[in-house]
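Down below is the structure, laid out as structure tokens.
These figures come from a predicted structure and were not determined experimentally.
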Amino acid sequence: MSADEHAERFTVLRPLLFTIVYEILGSATESDDVLQDSYLRWARVDLAAVRDTKSYLARLVTRQALNALRASTRRREEYIGSWLPEPLLLEENDASADVVLAESVSMAMLVLLETLTPDERAVFVLREVFGFDYDEIAAAVGKSVVTVRQMAHRARGHVQARRKRFDPVDAGTTTRITKQFMSAAATGDMEGLLSLLAPDATWTADSGGKVTAARQPVVGAERVAVLVMELFRVGRLPDSRIEMVNCNNAPTMAAYDGDQLVGVCLFEVGDGKITNFYVIRNPDKLLALTVPRQISR
């Protein structure tokens with residue numbers, strides 16, 4: 001088999017493989033590294049022995065993703081302040097036609113997946129999002145089929161118990177609430193801002209200790225509103241601006257200081273109110289937000 005055939009098979013499946021790894025790691029940058037390493041391994045494989053390319057490559061990248069996730073555990077434990085997944089810039093409406101895919105890459109779901117063990121996370125992603133058979137998953141995570149079934153059941157229950165029991169929010173509603181929020185914050189309309197926030201609204205900022213940001217989550221509508229007003233007041237600089245982009249299949253505020261991206265803010269909406277703000281300010285986590293990605297399942 002030629003190197004071209006290795007490359008062709010890998011390239012066709014790359015959006016799927018990237019999505020698997022990103023949902024396991026919560027980092028686009030680390031996912032790129034995993035895919036690069038996986039491709040080098042794939043290039044040495046005898047294709048005549050590969051019966052199912054999709055299953056083989058999914059197994060390969062899952063193993064490498066788990067190795068990377070376990071290796072990063074210590075770094076995350078020593079992380080300064082709150083740790084949030086790395087935001088993913090998507091092509092417009094990339095996942096909107098696939099409800100399962102859209103939810104699986106949402107910031108809220110990625111934050112929830114952080115509460116699972118590495119193996120549980122991989123099993124949940126491969127089974128619930130991508131629909132792989134238990135024997136395929138067992139081969140990917142190096143466990144027996146019986147163990148994988150138990151892990152899948154446990155992870156599913158864990159996610160369902162912690163998932164907000166709100167009806168799914170359509171993109172139009174989220175966009176409308178986002179625009180209302182921006183208008184209220186920009187004009188100093190405190191009453192209008194409070195009307196958009198759930199009573200226990202939470203502001204979580206990820207700075208990695210590298211820029212100024214709240215190191216502990218801020219909880220409560222009034223406290224969050226005061227923080228938002230202060231940030232918008234400070235942000236009214238000549239070269240500052242906010243643009244709307246699509247991160248993790250949600251309308252996202254991207255803050256710029258001149259040409260430099262200094263932060264992104266994603267909302268979680270439930271029952272018509274903003275329940276959570278996820279703010280990523282760590283410059284290392286903003287590096288990947290230069291080119292839109294393709295995701296697939």
Side-chain angles (χ1 to χ4, degrees), residues 1-72 85-98 100-106 109-110 113 118-119 121-143 148 152 246-249 284-285 287-297:
M1 298 292 181
S2 68
D4 286 345
E5 183 165 355
H6 280 88
E8 181 178 349
R9 293 196 193 187
F10 195 91
T11 300
V12 168
L13 291 170
R14 196 181 194 285
L16 166 73
L17 301 175
F18 175 83
T19 311
I20 291 173
V21 178
Y22 175 72
E23 293 192 14
I24 293 174
L25 293 178
S27 168
T29 304
E30 292 181 15
S31 296
D32 288 336
D33 293 340
V34 165
L35 288 192
Q36 182 176 5
D37 179 67
S38 297
Y39 180 75
L40 294 176
R41 295 170 183 270
W42 167 246
R44 299 193 294 268
V45 171
D46 179 5
L47 295 184
V50 177
R51 290 184 297 176
D52 185 329
T53 301
K54 176 182 175 181
S55 180
Y56 188 100
L57 284 174
R59 182 168 68 248
L60 175 61
V61 301
T62 296
R63 288 174 176 173
Q64 299 310 308
L66 282 172
N67 289 337
L69 184 58
R70 294 183 183 116
S72 68
E86 194 174 284
L88 185 66
L89 183 65
L90 294 177
E91 295 183 349
E92 196 62 32
N93 298 323
D94 187 80
S96 60
D98 187 328
V100 173
L101 181 61
E103 182 185 21
S104 71
V105 298
S106 70
M109 177 58 75
L110 292 173
L113 291 179
D119 285 342
R121 182 168 182 166
V123 168
F124 179 86
V125 166
L126 292 175
R127 181 62 183 171
E128 299 299 319
V129 180
F130 298 96
F132 284 98
D133 294 334
Y134 286 112
D135 56 345
E136 295 176 296
I137 300 172
V141 300
K143 305 288 184 182
V148 164
N246 178 13
C247 282
N248 300 78
N249 203 53
D284 295 339
K285 293 188 176 183
L287 292 176
L289 296 179
T290 55
V291 179
R293 306 300 188 103
Q294 281 190 322
I295 59 175
S296 172
R297 73 180 185 104

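- Ring geometry for Phe18 against Tyr22 counts as parallel: the plane angle stays under 30°, on a 0 to 90° scale with 60° as the upper cut.
- One finds no salt bridge joining Arg63 and Asp37 here, because no Lys/Arg side-chain nitrogen approaches an Asp/Glu carboxylate oxygen to under 4.0 Å.
- No side-chain heavy atom of Arg121 sits less than 4.5 Å from a side-chain heavy atom of Pro118.
- Paired with Ile295 under the rule side-chain contact (heavy atoms from CB on, under 4.5 Å), one option of Ile20, Leu16, Leu101 passes, and it is Leu101.
- The distance from atom CD of Glu128 to atom CD of Glu23, rounded to the nearest 0.5 Å, is 11.5 Å.
- Note that Arg59 lies in the cation-pi zone of Tyr56, set by a 6.0 Å cut-off to the ring centre and a 45° limit from the axis.
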Given salt bridge (Lys or Arg N to Asp or Glu O under 4.0 Å), test Asp119 with Arg70 step by step and report yes or no.
CA-CA 10 Å; Asp119 285 342; Arg70 294 183 183 116; 2.6 Å; yes

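- Note that CG of Asn248 and CG of Leu110 are 6.0 Å apart. Values are rounded to the nearest 0.5 Å.
- Inter-residue side-chain proximity for Leu25 and Ser31 is flagged as met; some heavy-atom pair is nearer than 4.5 Å.
- Using modelled atom types, no side-chain atom of Asn249 and backbone atom of Ala102 make a donor-acceptor pair closer than 3.5 Å.
- The structure places CZ of Arg14 at 4.5 Å from CG of Leu35, a figure rounded to the nearest 0.5 Å.
- Annotation: cation-pi geometry satisfied between Arg127 and Tyr134 (NZ/CZ under 6.0 angstrom from ring centroid, within 45° of ring axis).
- Using a distance-only test at 3.5 Å, with no hydrogens or angles considered, a donor-acceptor pair links the side chain of Glu86 to the main chain of Thr29.
- Taking 4.5 Å as the limit, some side-chain heavy atom of Trp42 sits within range of a side-chain heavy atom of Thr53.
- Between Gln64 and Ser38, the side chains place no donor N or O within less than 3.5 Å of an acceptor N or O (distance only, hydrogens not considered).
- Considering CG of Leu13 and OG1 of Thr19, their distance stands at 11.0 Å, rounded to 0.5 Å.
- Ser104 approaches Met109 most closely through the heavy-atom pair O-CG, 3.8 Å.
- Taking the side chain as every heavy atom from C-beta outward, Val125 and Val123 never approach each other to under 4.5 Å.
- The heavy-atom pair separating Val34 from Ala65 by the smallest distance is CG1-N, 3.9 Å.
- Contact detail for Arg41 and Leu60: the closest heavy-atom pair is CD-CD1, 4.1 Å.
- Inter-residue side-chain proximity for Val61 and Tyr39 is flagged as unmet; no heavy-atom pair is nearer than 4.5 Å.
- Of all heavy-atom pairs between Leu289 and Cys247, the closest is CD2-SG, 4.1 Å.
- Side-chain atoms of Val129 and Arg297, non-hydrogen and from C-beta on, do get closer than 4.5 Å to each other.
- Atom OG1 of Thr62 is separated from atom CD1 of Ile24 by 4.5 Å, given to the nearest 0.5 angstrom.
- To the nearest 0.5 Å, the span separating CD on Glu103 from CG on Asp98 amounts to 11.0 Å.
- Taking the side chain as every heavy atom from C-beta outward, Leu126 and Glu136 never approach each other to under 4.5 Å.
- Side chains of Ser72 and Glu30: a donor-acceptor N/O pair is absent below 3.5 angstrom, by distance only.
- For the pair Asp133 (side chain) and Asp135 (backbone), a donor-acceptor distance under 3.5 Å is absent.
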